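Since the model is a prediction, treat every value here as computed from it, not as a measurement. Letters A, B, ... mirror the listed sequences (proteins, then strands); counts begin at 1.
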Amino acid sequence: MKKLINKPEDVVKEELEGLALAYPDIVKVHFDPDYVYRADAPVKGKVALISGGGSGHEPMHGGLVGLGMLDGACPGQVFTSPTPDQMLEAAKMVHGGAGVLYIVKNYTGDVMNFEMAADMARSEGIRVLSILIDDDTAVKDSTWTAGRRGVGTTVLAEKIVGAAAEKGYDLKKLADLCRKVNINGRSMGMALTSCTVPMAGKPTFDLPEDEMEIGVGIHGEPGRERMSLKTADEITEMLALSIIDDPAYSRTVRELDEEKGEWVDVTLEDPPFKAGDQVLAFVNNMGGSAAVELPIIYRKLHEICEKKGLKIVRNLIGPYITSLEMQGCSITLLKMDDELLELWDAPVKTIGMRWGI
Amino acid sequence: MKKLINKPEDVVKEELEGLALAYPDIVKVHFDPDYVYRADAPVKGKVALISGGGSGHEPMHGGLVGLGMLDGACPGQVFTSPTPDQMLEAAKMVHGGAGVLYIVKNYTGDVMNFEMAADMARSEGIRVLSILIDDDTAVKDSTWTAGRRGVGTTVLAEKIVGAAAEKGYDLKKLADLCRKVNINGRSMGMALTSCTVPMAGKPTFDLPEDEMEIGVGIHGEPGRERMSLKTADEITEMLALSIIDDPAYSRTVRELDEEKGEWVDVTLEDPPFKAGDQVLAFVNNMGGSAAVELPIIYRKLHEICEKKGLKIVRNLIGPYITSLEMQGCSITLLKMDDELLELWDAPVKTIGMRWGI
Amino acid sequence: MAITTVDVLNCLRQMADVIHENKEYLTDLDSAIGDADHGINMDRGFQAILKKLPSVEDKDAGTILKTAGMALVSSVGGAAGPLYGTAFMQAGMAIAGKYELEAEDLLAILDAALKGVIMRGRANLADKTMVDAITPAVNVIREALGNGAGTVEVLEQAAAAAKKGMKDTIPMLAKKGRASYLGERSIGHQDPGATSSYLLINTMAEMARVKE
Amino acid sequence: MAITTVDVLNCLRQMADVIHENKEYLTDLDSAIGDADHGINMDRGFQAILKKLPSVEDKDAGTILKTAGMALVSSVGGAAGPLYGTAFMQAGMAIAGKYELEAEDLLAILDAALKGVIMRGRANLADKTMVDAITPAVNVIREALGNGAGTVEVLEQAAAAAKKGMKDTIPMLAKKGRASYLGERSIGHQDPGATSSYLLINTMAEMARVKE
Ligand SMILES: Nc1ncnc2c1ncn2[C@@H]1O[C@H](COP(=O)(O)OP(=O)(O)O)[C@@H](O)[C@H]1O
Ligand SMILES: Nc1ncnc2c1ncn2[C@@H]1O[C@H](COP(=O)(O)OP(=O)(O)O)[C@@H](O)[C@H]1O
Ligand SMILES: [Mg+2]
Ligand SMILES: [Mg+2]
Ligand SMILES: [Mg+2]
Ligand SMILES: [Mg+2]
């Protein structure tokens with residue numbers, strides 16, 4: 001294992017220490033339980049946005065905390081969901097009196113830990129809603145699986161919902177907006193290489209020199225299918241079509257119902273993309289691919305979208321939701337409308353994403 | 001070779017096509033000869049800044065073109081200096097009547113090609129000055145080598161000089177400023193893995209699982225020394241001390257003398273760092289290291305600087321001057337003063353670096 | 001043979017040892033169909049339990065188990081944290097206040113643990129999860145108690161059933177948790193969570209055997 | 001035996017073939033002490049020359065070489081581009097206007113090429129560069145001409161000297177170019193640029209041998 005680390009068990013702690021030293025104007029870090037929060041938290045009267053998940057996906061989520069985006073982020077161990085006490089304490093620290101929205105990627109671990117945290121926070125009198133992101137088209141059905149994983153759309157949702165929170169949307173409206181972003185976003189990822197969880201010390205899987213994994217998540221897990229290595233254009237086409245040609249997707253998720261005061265099953269349906277849609281195209285580096293490669297993917301994606309009648313109105317290209325040093329990429333398309341465009345363009349100042357300020 | 005590319009010989013061309021499609025508000029791309037330039041070039045009355053070098057170091061240089069930074073960037077093939085005609089044509093395209101400053105990394109190829117380009121541009125009536133960046137403390141002497149390589153300080157110089165050009169500094173003042181940044185900046189890099197030049201198809205060197213290279217440049221070339229793998233703290237200490245304890249460094253470089261109208265030998269001396277200095281600390285990802293690792297390096301660097309009496313007043317952490325997918329990092333320290341601080345903080349809007357706008 | 005709180009404490013310590021010894025094994029299983037952290041997660045959790053035990057040495061068995069569960073919840077994360085955390089907390093509530101446990105209490109403990117796992121994770125039998133190891137153990141205990149079996153026998157049968165349940169996950173297609181994303185590719189691999197469940201139940205049996 | 005412009009054109013085409021065949025070899029040499037691109041660079045440059053040749057087929061030898069040099073300058077990049085580009089351009093200027101070349105012109109060509117390389121790169125002998133292959137070739141041509149040798153003999157001796165010069169770079173410590181950064185580690189490797197220089201000079205000799 002070749003990494004710029006000290007003891008594997010100290011990776012997350014020392015990363016957080018580094019962030020605290022490097023960006024005191026943007027974030028503060030609390031240890032035991034660990035969470036990253038806005039340097040100016042709590043922002044009075046603003047709904048607080050909290051996300052979290054395993055570490056190893058940097059800049060997500062700690063690097064997405066700041067003005068116009070998250071108020072708090074709870075980092076777990078590498079690829080391991082954080083614990084409810086982190087999420088509870090983060091909520092207590094950042095909530096500015098207008099409630100807390102948890103943005104949760106749909107992984108069994110994240111979902112269960114955030115559910116426990118939401119219950120705990122509510123029992124302490126904090127208004128909480130919680131929205132799942134499940135956008136990974138590599139997962140075809142939700143009946144025989146834990147449902148689609150939360151991947152690239154998470155970053156876009158955090159930006160857009162963060163801007164709306166800054167604008168003064170209330171908790172209910174933010175939850176609705178986050179749900180809207182989620183059902184309009186879809187992603188698909190692939191890996192050229194595996195990655196190595198520091199504590200495990202060896203690559204999660206072996207991938208021969210001439211093979212790749214299609215339909216991977218972001219945890220170094222093998223994907224849906226292993227196949228022989230293809231060109232950037234062929235890979236882009238596979239990923240893009242898996243998104244664009246994805247039919248309507250419906251599933252039942254659990255959401256907190258504020259009126260009933262309990263978790264209820266909600267059925268959601270993602271509408272398929274159609275010609276004429278305006279989209280945001282997000283080409284994500286899994287972490288270890290050379291930066292020169294991403295525009296090559298974008299180039300082909302642009303061509304495919306054009307052919308399919310999708311108009312790319314915004315883009316995001318780079319490592320935003322990574323799997324440690326894995327080589328590979330993912331594509332996310334999000335259908336945009338005027339509200340989303342305005343919120344996307346709004347100023348943001350975080351470690352990993354910054355513009356307009 | 002595992003890369004998200006089509007034909008190896010098309011990598012640079014397709015990358016440029018992707019950039020042109022993705023960022024039309026920031027850059028335009030000219031093909032044959034290839035160069036990237038500001039979407040709003042030429043900026044009348046402003047000195048135009050041009051840099052260039054082999055590709056594979058993205059975002060440098062094409063990703064550093066835009067308001068507050070470069071006006072033009074000439075990308076060569078991967079790790080191969082661009083050619084004089086690119087630099088000449090770029091100069092003709094972007095110069096706004098106030099002259100052109102070439103910022104050149106000190107590699108034999110880059111130096112010779114930019115020298116030829118400067119001569120050609122001057123013979124076409126364009127005022128040109130050219131400043132070398134040579135900041136790599138891995139190279140101890142300039143008598144027995146081609147002199148220190150240009151590495152991390154290049155990024156900082158392009159930001160600072162770019163801001164000054166935006167503020168209206170004239171050509172002579174900009175050249176002086178660039179020289180000042182260069183003699184006050186020092187870097188040192190290391191590699192955990194090699195990288196693969198697409199056209200070569202295999203890693204430039206083999207590095208056993210338990211070894212690393214210290215004192216590498218940015219071209220996948222082996223470093224000064226191979227040694228057994230060390231912890232992040234030990235690596236940071238080696239890099240940082242090689243910079244902080246570096247004695248005064250003097251060398252003779254060739255610069256264009258405008259009055260004499262010819263190239264002259266100029267002797268420059270880099271003053272060593274001393275307790276009390278204010279510095280900008282730049283921790284650079286060579287490209288393939290997981291993002292979680294960089295703050296771990298910064299954490300230790302912060303401690304070392306403190307112990308040595310250096311005050312970090314600004315920082316930059318991330319992949320800015322990369323070697324394709326190489327795992328590893330480099331550290332750059334730049335002594336700051338009020339002028340440099342103000343210019344550093346000035347707005348910048350490029351693909352790879354953006355703030356304040 | 002009654003089980004004392006000292007036995008419970010020892011059993012938890014023994015579990016921590018077993019998990020620690022099997023850390024790499026569990027993580028390897030998780031590499032195949034998950035994200036290579038189950039052993040690491042469980043080990044972190046049981047180390048957290050060890051740290052908490054001194055504070056509850058004089059407490060009743062229910063409190064001890066609930067404390068262990070809370071330690072798991074706040075240290076493990078991932079799927080295993082809330083699942084095992086809830087299991088231990090529910091088990092503790094099922095024997096709240098007791099300082100001595102009889103064979104019937106073992107049923108109460110494991111049944112509550114199983115219900116906790118299902119409440120939290122909503123897995124069905126044959127979804128290829130820890131439920132597939134715990135369910136047969138609970139069933140066999142219930143049966144054995146009906147036949148008048150004692151502590152040791154009950155737990156030995158439970159361990160054997162859990163082991164079989166664990167092995168039975170190999171041919172299953174995962175429908176819950178991370179492994180479900182692999183689809184057909186999850187077939188042929190033993191579920192890491194079912195494996196840790198077997199290891200924990202087996203440790204209970206071994207403790208009882210030694211005590212006897 | 002006079003060398004015609006057709007010979008010059010053929011020689012350049014032959015050089016392109018030789019460079020293409022040795023592309024990987026040159027790149028491998030550059031991997032050891034450089035940045036793994038010398039063969040790729042040279043091949044790109046000679047392919048560019050091939051594209052330019054049709055436009056100068058009826059021109060004098062000097063123009064042909066200058067055109068080749070300009071093609072190298074604008075296509076190779078790196079260190080080799082300006083160095084070989086300048087070499088070919090200077091060589092062309094040394095025989096400006098000539099349609100037939102005699103043995104003495106070969107000295108003029110290689111001497112001008114060497115001076116061009118040194119003017120541009122300011123390397124000294126034993127710095128482990130192409131200068132170490134070209135210098136002995138120029139010296140031996142001068143000597144051979146003094147002894148009244150003809151074209152073929154002159155070029156064969158030049159090629160032999162260049163080859164020895166190339167081999168002699170192996171034990172040298174590099175002081176110029178990228179290899180200089182390796183310090184002691186550059187010792188024991190043959191310089192890629194000296195190797196391409198030998199290959200080019202040797203191609204001239206082979207052309208002359210075949211023509212004879
Ligand atoms: N919904 C569920 N119900 C019961 N057990 C589950 C469920 N989801 C996952 N598991 C169990 O959790 C185990 C994985 O735990 P672990 O690796 O620690 O967490 P994660 O999957 O978050 O990395 C699986 O092997 C499986 O036995
Ligand atoms: N200053 C110099 N003078 C003469 N030859 C040089 C000089 N610097 C480098 N070279 C030659 O150039 C060769 C490397 O060329 P190439 O690999 O194409 O360029 P780069 O080093 O820019 O990658 C070296 O092997 C050496 O022979
Ligand atoms: Mg996990
Ligand atoms: Mg090169
Ligand atoms: Mg796991
Ligand atoms: Mg080279």
Side-chain angles (χ1 to χ4, degrees), chain A residues 8-9 33 52-54 56 74 76-86 88 107-117 136 138-149 194-205 215-226 254 323, chain C residues 23-24 26-28 30-45 47-48 69-86 89 116-117 119-124 127-130 173-186 189 193:
Chain A
E9 56 271 33
C74 305
Q77 287 300 307
V78 171
F79 294 170
T80 300
S81 162
T83 60
D85 54 326
Q86 294 174 259
L88 171 65
Y107 297 95
T108 307
D110 293 63
V111 171
M112 293 189 299
N113 284 289
F114 268 106
E115 276 185 17
M116 293 179 84
D136 180 6
V139 183
K140 285 296 159 218
D141 61 77
S142 65
T143 320
W144 306 106
T145 67
R148 291 189 167 174
R149 295 172 286 213
S194 180
C195 58
T196 299
V197 174
M199 294 280 281
K202 53 183 187 240
T204 305
F205 55 86
V216 299
I218 52 169
H219 297 90
E221 63 275 57
R224 282 299 280 202
E225 205 184 327
R226 182 170 292 200
R254 272 179 114 186
S323 295
Chain C
K23 180 175 164 180
E24 211 174 311
L26 293 171
T27 297
D28 284 349
D30 200 28
S31 295
I33 55 171
D35 59 350
D37 64 358
H38 187 58
I40 302 163
N41 292 346
M42 294 298 287
D43 186 47
R44 188 172 55 246
Q47 295 305 313
M70 276 153 54
L72 291 176
V73 165
S74 65
S75 67
V76 176
L83 290 168
Y84 277 119
T86 305
M89 289 195 290
V117 167
M119 183 266 285
R120 182 65 58 210
R122 293 183 291 174
N124 298 308
D127 280 356
K128 197 178 183 109
T129 70
M130 50 182 75
L173 186 132
K175 299 195 199 70
K176 279 284 182 315
R178 234 172 253 294
S180 68
Y181 300 122
L182 283 176
E184 304 280 329
R185 287 172 80 184
S186 68
H189 298 278

Would you find a donor on one side and an acceptor on the other, under 3.5 Å apart, between the side chain of [X] and the backbone of [Y]?
{"X": "C:S180", "Y": "A:T145", "value": "no"}
{"X": "C:K128", "Y": "C:H189", "value": "yes"}
{"X": "C:Q47", "Y": "C:R44", "value": "no"}
{"X": "A:T80", "Y": "A:G76", "value": "no"}
{"X": "C:Y181", "Y": "A:G147", "value": "yes"}
{"X": "C:R120", "Y": "C:L83", "value": "no"}

Side chain, backbone, both or neither: which part of [X] has an atom under 4.5 Å from a heavy atom of chain C?
{"X": "A:N113", "result": "both"}
{"X": "A:F205", "result": "neither"}
{"X": "A:K140", "result": "neither"}
{"X": "A:E225", "result": "backbone"}

Given a strict heavy-atom distance threshold of 4.5 Å, which part of [X] is in contact with chain A: side chain, backbone, both, or neither?
{"X": "C:D30", "result": "neither"}
{"X": "C:S74", "result": "both"}
{"X": "C:A174", "result": "backbone"}
{"X": "C:A32", "result": "backbone"}
{"X": "C:T86", "result": "side chain"}

Kindly indicate whether the side chain of C:D37, heavy atoms from C-beta on, has any atom under 4.5 Å from the side chain of A:V78.
no

Identify whether the distance between the nearest side-chain nitrogen and carboxylate oxygen of A:D110 and A:R149 falls below 4.0 Å.
no

If you tally heavy-atom pairs under 4.5 Å against chain C, which of [options] wins?
{"options": "A:S194, A:P82, A:G109, A:G54", "value": "A:G109"}
{"options": "A:R254, A:M199, A:R226", "value": "A:R254"}
{"options": "A:R224, A:H219, A:M112", "value": "A:M112"}
{"options": "A:K202, A:R148, A:E115", "value": "A:K202"}
{"options": "A:P33, A:P203, A:G223", "value": "A:G223"}

Smallest separation among heavy atoms of A:A117 and A:P84, with atom names
CB-O, 3.7 Å

Which of C:D35, C:V76, C:I33 touches chain A most, by non-hydrogen pairs under 4.5 Å
C:D35

Per-residue tally against chain A (heavy atom, under 4.5 Å) across C:E24, C:R122, C:K176, C:K23 peaks at C:R122

Which value, rounded to the nearest 0.5 Å, describes the distance between A:Q77 atom CD and C:S75 atom OG?
10.0 Å

